[in-house]
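The model shown is predicted, which means the values in this text are computed figures rather than measured ones. When a ligand or atom number is given, it counts from 1 through the structure's own listing order.
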Amino acid sequence: MADNVRIYEVGPRDGLQNEKAPISTDDKLEFIGLLADAGLREIEATSFVSPTAIPQLADADELMRRLERRAGVRHPVLVPNERGLERAEAAGVEAVAVFTAASEQFTRANINMTITESIAAFRPVIERAHERGWWSRGYVSTAFGCPYQGEVGEAAVVGVARQLFELGVDEVSIGDTIGVAGPADVRRVVTALLHAGIDAERLAMHFHDTRGTALANVTAALDLGIRCFDSSTGGTGGCPYAPGAAGNLATEDLVYLLDREGMTHGVDLDGVLAAARHISEVLGRALSTKVGQAGGWRPAGA
Ligand code: COA
Ligand code: ZN
């Protein structure tokens with residue numbers, strides 16, 4: 001089995017979207033630049049959503065227009081509907097992500113649609129992506145538990161993932177939006193997806209470390225052949241429509257684990273820590289991630 005892992009950075013989007021104090025576009029652009037310096041090649045940059053829903057990302061148009069494009073770096077943006085599609089296209093994006101969930105109540109709270117309506121709203125977005133040659137991804141949030149509905153069965157996750165693939169997305173990211181899963185849940189859901197005929201190479205896992213299980217969940221998914229993980233440098237994150245959601249799995253913690261597992265990923269831990277320090281200064285609070293506090297490890301004599 002391949003030992004190369006893709007690290008899909010969500011810090012500038014998922015990480016910052018729930019921050020109350022305004023962050024300047026300059027600071028966000030510097031953060032994205034530092035992430036690229038660290039070797040990250042997929043950096044989710046922002047969302048073209050309603051500025052009332054997510055005020056922190058209301059500068060998406062300006063940010064994407066000013067963002068320096070680097071060869072080999074992809075900057076996906078979230079697009080929920082045709083209005084978002086127009087804005088994203090005008091800003092010159094090259095990768096888009098659509099987002100729905102495995103539970104009806106979260107989908108209603110988050111994007112004011114039923115799951116079926118959301119799939120219909122995404123159809124023109126993914127059609128445009130195909131016309132323009134953009135890369136595309138679909139999110140299935142609340143795949144392990146919903147803040148409103150409680151337990152979520154794996155059949156619901158498989159059903160929504162299938163609909164997203166039928167639309168034609170390149171990849172589907174399965175999200176533990178509120179951070180309730182443990183490794184047994186990961187095995188249950190990923191096994192159901194694989195048994196449904198979905199290729200592990202077209203799946204990503206999106207863990208939040210709300211209850212400290214994110215890295216254990218990564219190892220469970222690695223064992224099942226998953227090779228793409230979403231993470232946020234500095235461990236920031238949360239969704240205003242997911243009460244109780246805390247930080248994403250931190251990129252620095254993921255990089256350290258993958259290094260110890262002997263997996264290649266192309267990301268430099270010191271570079272990630274530099275980007276984490278930047279965002280920690282911008283947010284005005286200390287890093288709470290494990291590796292952010294302890295640093296990496298260079299054994300004496302090595
Ligand atoms: N970008 C900017 N404005 C948008 C927009 C977009 N993509 N989509 C809708 N709007 C505006 C409309 O123009 C309208 O503005 P008006 O009141 O000035 O006329 C207003 O938002 C309401 O539009 P409507 O189509 O009725 O949307 P809604 O109120 O049902 O909200 C979403 C639907 C999807 C736009 C909204 O729920 C949303 O943006 N959610 C994103 C949540 C999110 O990002 N969560 C975190 C990621 S998991
Ligand atoms: Zn998330």
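- Of all the listed residues (Asn81, Asn112, Thr142), Asn112 holds the heavy atom that lies closest to atom 31 (O) of ligand 1.
- For Asp14, the nearest N, O or S atom to the Zn ion (ligand 2) falls under 2.8 Å.
- Distance remark: protein heavy atom not present below 4.0 angstrom from atom 17 (O) of ligand 1.
- Checked by distance only, ligand 1 and Leu78 stay at 3.5 Å or farther apart across all their nitrogen or oxygen atoms.
- Ion pair Asp253/Lys290 not flagged as a salt bridge, since none of the NZ, NE, NH1 or NH2 atoms sits closer than 4.0 Å to an Asp/Glu carboxylate oxygen.
- The protein atom (non-hydrogen) at minimum distance from atom 4 (C) of ligand 1 is Arg83 CG, 3.7 Å.
- At a threshold of 4.0 Å, the pair Asp270-Arg298 counts as salt-bridged, since one of the basic side-chain nitrogens sits closer than that to a carboxylate oxygen.
- By heavy-atom distance, the residue among Arg87, Gln56, Glu86 lying nearest atom 2 (C) of ligand 1 is Arg87.
- Taking the six-membered ring where tryptophan is involved, the planes of Phe207 and Phe144 are tilted, since the angle between them lies from 30° to 60°.
- By the definition of a contact as any protein heavy atom under 4.0 Å away, atom 38 (C) of ligand 1 is in contact.
- Nearest to atom 44 (O) of ligand 1 among the protein's heavy atoms is Ile54 CG1, 3.4 Å.
- Side chain of Arg211 to backbone of Gly179: a donor-acceptor contact under 3.5 angstrom is found.
- Protein heavy atom closest to atom 34 (C) of ligand 1, with residue, atom name and distance, is Ile111 O, 3.7 Å.
- Annotation for ligand 1: atoms under 4.0 Å from non-hydrogen atoms of Arg13 are 47 (C).
- Salt-bridge check for Glu82 with Arg128: failed, with every basic side-chain N at 4.0 Å or more from each acidic carboxylate O.
- Look at Pro51 and you'll find a heavy atom under 4.0 Å from some atom of ligand 1.
- Per-atom contact check: atom 26 (O) of ligand 1 does not touch the protein, criterion being a heavy-atom distance below 4.0 Å.
- There is a protein heavy atom closer than 4.0 angstrom to atom 9 (C) of ligand 1.
- Relative orientation of the Tyr8 and Trp135 rings is tilted, given thresholds of 30° and 60° on the angle between their planes.
- Residue Leu67 holds its CG atom at 9.0 Å from CZ of Arg70, rounded to the nearest 0.5 Å.
- At least one N/O-N/O distance between Ser50 and ligand 1 falls below 3.5 Å.
- At a 3.5 angstrom cut-off on N or O pairs, Cys239 does not count as close to ligand 1.
- Residue-level proximity to ligand 1 for Phe48 is carried by the backbone, the only part with a heavy atom below 4.0 angstrom.
- When only modelled atom types and interatomic distance are considered, Thr264 and Asn4 share a side-chain donor-acceptor pair under 3.5 Å.
- Sorting the N, O or S atoms of His206 by how far they are from the Zn ion (ligand 2) puts NE2 first.
- Atom 46 (C) of ligand 1 has as its closest protein heavy atom Gln17 OE1, 3.4 Å.
- Considering backbone and side-chain atoms alike, Asn110 places an N or O below 3.5 Å from some N or O of ligand 1.
- Using a 4.0 Å cut-off between a side-chain N of Lys or Arg and a carboxylate O of Asp or Glu, Arg162 and Glu166 do not qualify as a salt bridge.
- Under 4.0 Å is where a charged nitrogen must lie from a carboxylate oxygen, and between Arg188 and Asp185 at least one such pair does.
- Taking a distance limit of 4.0 Å, we find that atom 23 (O) of ligand 1 is approached by no protein heavy atom.
- Neither side chain, Ser118 nor Thr107, offers a donor N or O lying under 3.5 Å from an acceptor on the other.
- A donor-acceptor pair shorter than 3.5 Å can be found between the side chains of Thr25 and Asp59.
- A salt bridge does not link Arg227 to Asp3: none of the charged side-chain nitrogens sits closer than 4.0 Å to a carboxylate oxygen.
- No N or O atom of Ala53 sits closer than 3.5 Å to an N or O atom of ligand 1.
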